[in-house]
Amino acid sequence: MSLTVTRLRRRLWQAATVVILVAAVGALRGPYMAIFGNLAGSPAQPARAAPCLPGQPVDIAYSPHIAAGEAASVRYNSTPATSGPHFAFTVAPGVYDAPVPEGLTVHALEHGHVVIRYASSTPPEDVARLVTIAKRFSADVVLAPYSGLDRGIALTAWGRIDLLERYDEQRITDFVRQLRGRYDHGWTRRYDCDRA
Amino acid sequence: MSADRQVSGVPPRSGVRTAAIGAACASALDLLVVSHDGDDYVLGRPDLGRYVVVPEPGAVFVTALRAGEPVAAATARASRVAGTEVDGADFLEGLAAAGMFDMPTPTTTREPASGTGPARRIRWIKGVSPSAARPLFGPVAWSGYALATATVVALLIAVPPLRPTFEHWWWLPDPVLSVLLLLPPAWLLAGVHEAWHWLAGRSIGVPAVFRVSYRGIFLVFETDLTQLAGTPRRLRYRVFLAGLAIDVTLLAVALVLRLAYRTDVISMAGWVDRLLAALALNLMFGMVWQWAALVLRTDGYALLANALRCHDLARATRLVTKDRLLGLTEGETAELAAIGDRDRAVARWFGLLYLAGLVVMGWLLLRYAVPFGASMVWWVGDNVVHPVIASVTFWESAAVLAVVIGQYAVVPLLALRERRLRRAGVLR
């Protein structure tokens with residue numbers, strides 16, 4: 001028996017390999033579209049109303065990547081920011097003891113995370129409760145103190161904000177549950193509320 | 001981990017000749033090891049890292065010579081096993097041509113000279129006795145590794161938030177610090193992985209060597225297990241699996257700690273939880289890579305080649321695949337013909353595993369490595385293009401850029417230096 005294949009068989013193998021590679025490239029479309037989105041940032045858009053969702057909508061600002069040196073000159077359209085220029089890298093979800101730069105938290109929002117920030121005057125027992133919530137939603141929440149708040153707690157998602165005077169577990173967990181993953185370099189749901 | 005070296009057959013031929021063994025050949029015989037490997041036998045020179053596969057009469061012939069019998073008596077013994085007359089002297093010539101009687105020299109011995117050569121190699125631990133290493137690979141230990149595997153699978157399925165994403169590479173708000181501070185524990189994990197291969201080798205008495213070395217600025221761990229080719233296949237599984245076994249155990253520990261933190265069973269700082277997530281990502285990436293990158297002769301490849309009773313599956317698969325897609329040269333056709341039937345038969349479908357592995361490798365890179373790498377390149381470039389000289393970020397970015405550029409710039413500089421030394425007659 002010949003060790004090598006015939007010309008016809010070689011053509012068939014070549015065709016099969018091309019088909020498999022094209023299918024593989026198609027199957028990997030998700031990851032490389034995410035990479036392009038990650039590099040390109042997000043375009044400006046009017047606020048997405050969604051009255052059924054917690055918090056208030058905020059206009060989405062043009063959101064390119066910026067260098068650390070450019071961050072000082074950026075003005076966001078809300079405090080804390082819910083969109084806008086941000087750094088090229090992001091932060092892992094989790095509990096942070098020190099303030100996290102706005103350029104990082106905005107990128108975390110762009111990846112569909114919810115950022116919870118609290119004023120330095122927040123009582124330690126409330127901070128401990130916030131930590132418990134952040135641990136419960138450990139893949140979705142970034143929790144950090146914030147110097148831009150005089151008092152209370154700020155909940156932010158991409159193009160969405162809710163400011164709390166004091167700790168309110170129900171309101172916080174509703175915000176996290178309903179707004180996590182709503183945006184990830186693009187809206188992930190066509191409709192936020194019932195079409196009716 | 002070093003994979004099996006290529007082995008090839010040197011069958012005895014018909015026709016009896018008596019010949020005296022030379023002095024060098026006789027002393028090299030003492031260094032030959034003979035081991036059983038399925039239907040074949042492996043003759044090895046562990047000191048040189050050379051192994052050849054021979055049929056049973058060849059092994060009988062060498063064993064008889066090693067026992068002190070003359071060539072004629074050894075040939076007669078081999079002929080009885082073969083059922084036909086074999087040519088012992090011709091067989092010896094074949095072994096000599098395969099380098100099995102070469103005398104060890106400082107350049108051919110597997111033992112490196114410490115402090116010399118292009119990459120200084122450091123012997124880490126002189127040796128561990130097999131009895132000391134054996135408990136790590138006994139029934140109790142393997143039950144533990146199996147439990148760890150079940151724990152990892154159960155946790156990753158039942159608790160999705162524990163699944164790491166590429167964001168976990170940035171476990172600190174400073175990306176450069178995230179990478180720099182992750183390197184020492186990542187090196188430690190890589191060292192433990194290699195050390196476990198080495199310990200598994202030691203547990204079955206293989207004189208394996210574990211070294212800590214470096215290539216350029218990169219720390220390298222090396223486990224030389226070429227002498228494993230002289231051991232029965234069933235004993236090799238533990239050596240090939242050992243690295244993955246300790247990886248999955250460490251991954252289970254990291255995930256259980258994260259789960260305990262999440263459920264308030266233990267308390268720890270937020271950065272420790274994020275570091276554990278980064279290490280879990282590092283371990284998971286490495287473990288999937290070991291099974292996907294079969295084409296790079298990973299642990300997964302070594303396990304499969306051993307289970308499929310192949311000797312040079314990688315080369316056979318490469319040649320069979322090249323034949324199917326592009327065709328072979330005359331030399332490659334002859335090389336394929338010289339590879340054993342078993343390897344050629346397995347290679348016919350093993351190429352599809354290679355292809356599936358390549359798709360998984362592509363997915364891994366696109367899902368975890370490229371988003372991280374592209375963001376880091378963008379960040380570093382942006383900070384150098386828009387410099388704030390007084391900021392730490394600028395100097396971090398400049399340092400990263402210098403190291404990366406330095407890696408590539410040093411190559412032409414070294415090439416120029418080598419050419420100069422070659423012209424001066426210092427290098428040949």
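Labels below follow one simple rule: chain letters A, B, ... track the order of the sequence lines, proteins then strands, and each chain is numbered from 1.
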Exercise for review: For the residue pair A:S42 and A:Y183, confirm or rule out a side-chain donor-acceptor distance under 3.5 Å.
Suggested key: yes
Review point. Pick from A:A24, A:S138, A:G69: which one has the most heavy-atom pairs with chain B under 4.5 Å?
Key: A:S138
**Study point:** Donor-acceptor pair, side chain of A:Y76 and main chain of A:P85, under 3.5 angstrom
**Key:**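 Side chain of A:Y76 to backbone of A:P85, a donor-acceptor pair under 3.5 Å: yes, one is there.
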Practice item. Report the residues that fulfil salt bridge (charged side-chain N to carboxylate O under 4.0 Å, His left out) with A:D150, sequence neighbours left out, ordered by chain and then residue number. Key: none
Exercise for review: Give me the ring orientation class for B:Y368 and B:F285: parallel if the planes are under 30° apart, tilted from 30 to 60°, perpendicular past 60°.
Suggested key: perpendicular
Please list, one pair per line, the donor and acceptor atoms closer than 3.5 Å that link side chains of residues 355-363 of chain B to other protein atoms, with sequence neighbours excluded.
none

What part of [X] gets within 4.5 angstrom of chain A, counting heavy atoms only: side chain, backbone, both, or neither?
| X | value |
| --- | --- |
| B:R262 | both |
| B:T333 | both |
| B:R344 | side chain |
| B:L352 | side chain |
| B:D273 | neither |

Exercise for review: Identify which part of A:I20 has an atom lying under 4.5 Å from any heavy atom of chain B, answering side chain, backbone, both or neither.
Suggested key: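 Just the side chain, heavy atoms under 4.5 Å.
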Practice item. Using a cut-off of 6.0 Å, state whether more than 12 heavy atoms not belonging to A:R189 lie near its atom CZ. Key: yes
